[in-house]
Amino acid sequence: MRRSRVLYVTSRERTYARNQTLVRALEHHAEVEVIAPAGDGRGAQRRVAYAWGLVRVIISVLVRALHPTRRRDTLVVGFLAQPLTVALRPFWRGRFVADAMVSVYDTVCGDKQLAAPDSTLGRLARWLDSYLVRHADVLIFDTQAHREYFQTLLGALPSSVIVPVGSRRLSPARSATTPSDRLQVVFAGSYVPLQGARVIAAAARLLKNDPIDVTMIGTGQEFDEVVAMARQGDLPNVHFVGWITLAALDDWYHRADVILGIFGPTDKAQRVIPNKVFEALSIGRPVITSDTAAIRELFVPGRDLICCAANDPASLADAIRWAAAHRAELQAIADAGQAAFEQRASDSALAAALQPVFGQAG
């Protein structure tokens with residue numbers, strides 16, 4: 001019996017974490033062909049690569065859409081599915097599945113606050129979300145909270161499944177870590193508001209005289225403001241590292257005593273579980289993150305990870321201090337978190353979550 005065939009297309013490079021996890025989950029059920037932009041450059045290079053990558057992706061799919069045998073195939077549109085759906089859905093005659101992990105409207109008008117809801121850009125963003133909902137046969141969400149947001153915003157949804165973000169496969173530890181009297185806390189991100197980098201910097205100021213080091217990896221929207229906060233506060237316990245390779249990031253994760261999740265004030269921060277949380281749990285590292293509805297869908301605060309109040313530097317500082325003072329309990333929480341990850345967000349768990357889309361696995 002011929003296995004199902006899936007054409008997976010995305011506007012992000014294949015190595016992007018959500019692409020990796022979805023493709024591996026899809027491969028449990030079907031033969032998967034991936035079409036994605038090449039490279040992961042930044043700045044102007046990334047914008048050019050993104051624009052050309054979208055053109056190449058669209059052309060490649062349209063060529064395949066013309067072939068009559070493809071009508072039995074499933075097209076799965078990955079990260080930032082909305083613009084690709086507008087371009088591809090009118091021509092694809094097979095089943096159309098889309099990853100709704102990102103709402104364009106929420107990103108533009110809520111999370112990044114780039115436009116007002118009633119502005120031209122805001123209305124366009126909402127229309128893109130609406131088009132996706134109206135034309136997909138199946139939608140994939142990363143959390144129940146995210147699905148409820150789409151339903152509240154746009155009304156009735158098509159058939160849908162919840163597939164957590166999961167974790168890319170991290171590189172193994174390069175060497176054993178050397179115990180230190182100073183707690184090593186690591187944050188990695190693109191400094192978008194939902195990540196709460198400003199909250200981390202404010203918490204670090206409260207921890208200035210504690211034996212705790214906070215390393216912040218990456219750059220992005222709020223980076224300059226956070227660096228200024230650290231300088232104004234004269235915080236020798238905060239260290240900034242720019243963009244690094246995934247292998248180097250994995251090394252930082254393995255050496256960390258604690259890995260930070262997200263702490264931002266945006267509504268979206270309440271609805272998502274970032275891949276950094278899954279990545280940390282997958283290798284048995286302790287996590288501190290905000291206590292949100294999304295987190296509680298999969299994990300138990302205090303058992304699987306440590307939670308603090310969102311957008312609350314004092315609460316985050318208290319959680320970090322607790323971790324520094326309770327190393328044995330911290331490792332027990334890390335072990336429980338890793339077990340919870342294996343049960344609910346591993347590759348096999350993600351494949352099981354996709355089961356309703358494909359029926360029995362091939």
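When reading the values below, keep in mind they use all heavy atoms of this one structure, side chains included, and skip hydrogens, waters and symmetry mates. Numbers here simply count residues along the sequence, with the first being 1.
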message = Can you tell me how the ring of Phe240 sits relative to the ring of Phe223, calling it parallel under 30°, perpendicular over 60° and tilted otherwise?
response = perpendicular
query = Would you say Lys208's side chain and Asp234's backbone share a donor-acceptor pair under 3.5 angstrom?
reply = yes
inquiry  = Within the 3.5 Å criterion, strictly below it, is a donor on Ser130 or Arg134 matched to an acceptor on the partner's side chain?
reply    = yes
request  = May I have the step-by-step check of salt bridge (charged side-chain N to carboxylate O under 4.0 Å, His left out) for Asp250 and Arg168, ending in yes or no?
outcome  = CA-CA 11 Å; Asp250 295 350; Arg168 61 184 174 83; 2.6 Å; yes
inquiry  = Hydrophobic clusters here meaning ILVMFWY residues chained together by side-chain heavy-atom distances under 4.5 Å, can you tell me if Val272 and Leu305 are in one?
reply    = no
key: Full working for side chain to side chain donor-acceptor pair (under 3.5 Å) between Asn19 and Glu13   = CA-CA 8 Å; Asn19 289 334; Glu13 64 276 6; over 6 Å; no
task = Tell me yes or no: between the side chains of Ser346 and Ser348, is some donor less than 3.5 Å from an acceptor?
result = yes
key: Test side chain to side chain contact (heavy atoms under 4.5 Å, CB included) applied to Arg64 and Asp73, step by step   = CA-CA 10 Å; Arg64 287 158 176 77; Asp73 296 351; over 6 Å; no
Trp127 and Val86: CA distance, side-chain angles, deciding distance, side chain to side chain contact (heavy atoms under 4.5 Å, CB included) verdict = CA-CA 10 Å; Trp127 178 83; Val86 172; 3.9 Å; yes
message = Any side-chain to backbone donor/acceptor pair from Arg93 onto Pro90? Under 3.5 Å, distance only.
response = yes
ask   = Is Arg95 close enough and on-axis enough to Phe358, meaning under 6.0 Å and within 45°, for cation-pi?
value = yes
ask   = Quick one: side-chain hydrogen bond (donor to acceptor under 3.5 Å, both in side chains) pairs with a partner in residues 299-312, sequence neighbours left out?
value = none
ask   = Are there more than 12 heavy atoms of other residues, nucleotides or ligands under 6.0 Å from atom CZ of Arg205?
value = no
message = How close do Leu206 and Ala314 get, counting heavy atoms only, and between which atoms?
response = CD1-CA, 3.7 Å
Nearest non-hydrogen partners of Val165 and Leu350, listed with the distance = O-CD2, 4.1 Å
query = Judged by atom type as modelled, is there a donor-acceptor pair below 3.5 Å linking the side chain of Gln343 to the main-chain atoms of Ala339?
reply = no
query = Same hydrophobic cluster for Phe187 and Ile212, using side-chain heavy-atom links shorter than 4.5 Å among ILVMFWY?
reply = yes
message = If we ignore hydrogens and angles and just use 3.5 Å, is the side chain of Thr215 paired with the main-chain N or O of His239 as donor and acceptor?
response = no
key: Any Asp137 side-chain heavy atom under 4.5 Å of Arg89 side chain   = yes
inquiry  = Count I, L, V, M, F, W, Y as connected when their side-chain heavy atoms are under 4.5 Å apart, and connections chain through other members. Are Leu194 and Leu114 then in the same cluster?
reply    = no
ask   = Looking only at heavy atoms, which two atoms of Trp243 and Gly189 are closest? And how far apart?
value = CH2-O, 4.2 Å
key: Spatial distance of atom CD1 (Ile35) from atom CZ (Arg14) [nearest 0.5 Å]   = 11.0 Å
ask   = Within the distance-only criterion (no hydrogens, no angle test), does the side chain of Asp142 pair as donor or acceptor with the backbone N or O of Ile273 below 3.5 angstrom?
value = no
inquiry  = I need the minimum non-hydrogen distance between Leu249 and Ala188, along with the two atoms involved.
reply    = CD1-CB, 3.7 Å
key: Side chains of Gln355 and His29 in contact at under 4.5 Å (non-hydrogen atoms)   = yes
Backbone N/O of Val104 and side chain of Arg126: donor-acceptor pair under 3.5 Å = no
message = Closer than 3.5 angstrom, by distance alone: can the side chain of Asp291 be matched with the main-chain N or O of Ala309 as a donor-acceptor pair?
response = no
query = Does any non-hydrogen side-chain atom of Lys276 lie less than 4.5 Å from one of Leu260?
reply = no
Heavy-atom side-chain proximity of Ile200 to Leu316 below 4.5 angstrom = yes
message = Within this structure, what is the OG1-OH distance for the pair Thr219 and Tyr191, rounded to the nearest 0.5 Å?
response = 8.0 Å
remark   = Only one of Leu207, Asp213, Ile288, Ile320 passes side chain to side chain contact (heavy atoms under 4.5 Å, CB included) with Val185, and that residue is Ile320
key: Any donor-acceptor pair under 3.5 Å from Gln184 side chain to Arg182 backbone   = yes
ask   = Would a 4.5 Å heavy-atom cut-off, applied to side chains only, mark Met101 and Phe79 as touching?
value = yes
ask   = How many angstroms lie between atom CD of Gln20 and atom CZ of Arg169, to the nearest 0.5 angstrom?
value = 8.5 Å
key: Side-chain H-bond candidate by donor/acceptor type, Gln144 with Glu148, under 3.5 Å   = yes
key: Heavy-atom side-chain contact between Arg18 and Arg12 under 4.5 Å   = no
Side-chain donor/acceptor of Gln195 to backbone N/O of Ser190, under 3.5 Å = yes
inquiry  = Can you classify the ring geometry of Tyr131 versus His135 as parallel (below 30°), tilted (30 to 60°) or perpendicular (above 60°)?
reply    = parallel
note = Heavy atoms of Phe91 and Ala65 approach each other most closely as O-CB, 3.6 Å
key: Inter-residue atom distance Arg296.CZ - Thr143.OG1, 0.5 Å rounding   = 15.0 Å
query = Can you tell me how far the OH atom of Tyr16 sits from the CG atom of Leu80, to the nearest 0.5 Å?
reply = 9.5 Å
ask   = Can you hop from Leu154 to Leu132 via hydrophobic side chains spaced under 4.5 Å?
value = yes
ask   = How long is the gap from CG on Leu281 to CG on Leu298, to the nearest 0.5 Å?
value = 10.0 Å
message = Is the shortest side-chain heavy-atom distance between Asp257 and Leu183 below 4.5 Å?
response = yes
query = After noting the C-alpha distance and the side-chain angles of Arg285 and Gln331, does the key distance pass the side chain to side chain contact (heavy atoms under 4.5 Å, CB included) rule?
reply = CA-CA 8 Å; Arg285 306 315 299 152; Gln331 187 55 54; 4.3 Å; yes
ask   = Does the distance from a Lys or Arg side-chain N to an Asp or Glu carboxylate O, for Asp267 and Arg271, drop under 4.0 Å?
value = no
request  = Quick one: do Val77 and Phe96 satisfy side chain to side chain contact (heavy atoms under 4.5 Å, CB included)? Show the steps, please.
outcome  = CA-CA 8 Å; Val77 184; Phe96 196 98; 3.4 Å; yes
message = So if I apply the side chain to side chain contact (heavy atoms under 4.5 Å, CB included) rule between Val138 and each of Thr74, Val357, Leu354, which one comes out positive?
response = Val357
inquiry  = Strictly below 4.0 Å, N to O, side chains only: are Arg24 and Asp347 in salt-bridge contact?
reply    = yes
request  = For the pair Glu33 (side chain) and Arg5 (backbone), establish whether a donor and an acceptor sit closer than 3.5 Å, ignoring hydrogens and angles.
outcome  = no
inquiry  = Is any side-chain heavy atom of Thr289 closer than 4.5 Å to one of Phe299?
reply    = no
message = If you compare all heavy atoms of Gly284 against all heavy atoms of Ala334, which two are closest, and at what distance to 0.1 Å?
response = O-CB, 3.4 Å
hydrophobic_cluster_shared for Val227 and Phe263, side chain cutoff 4.5 Å = yes
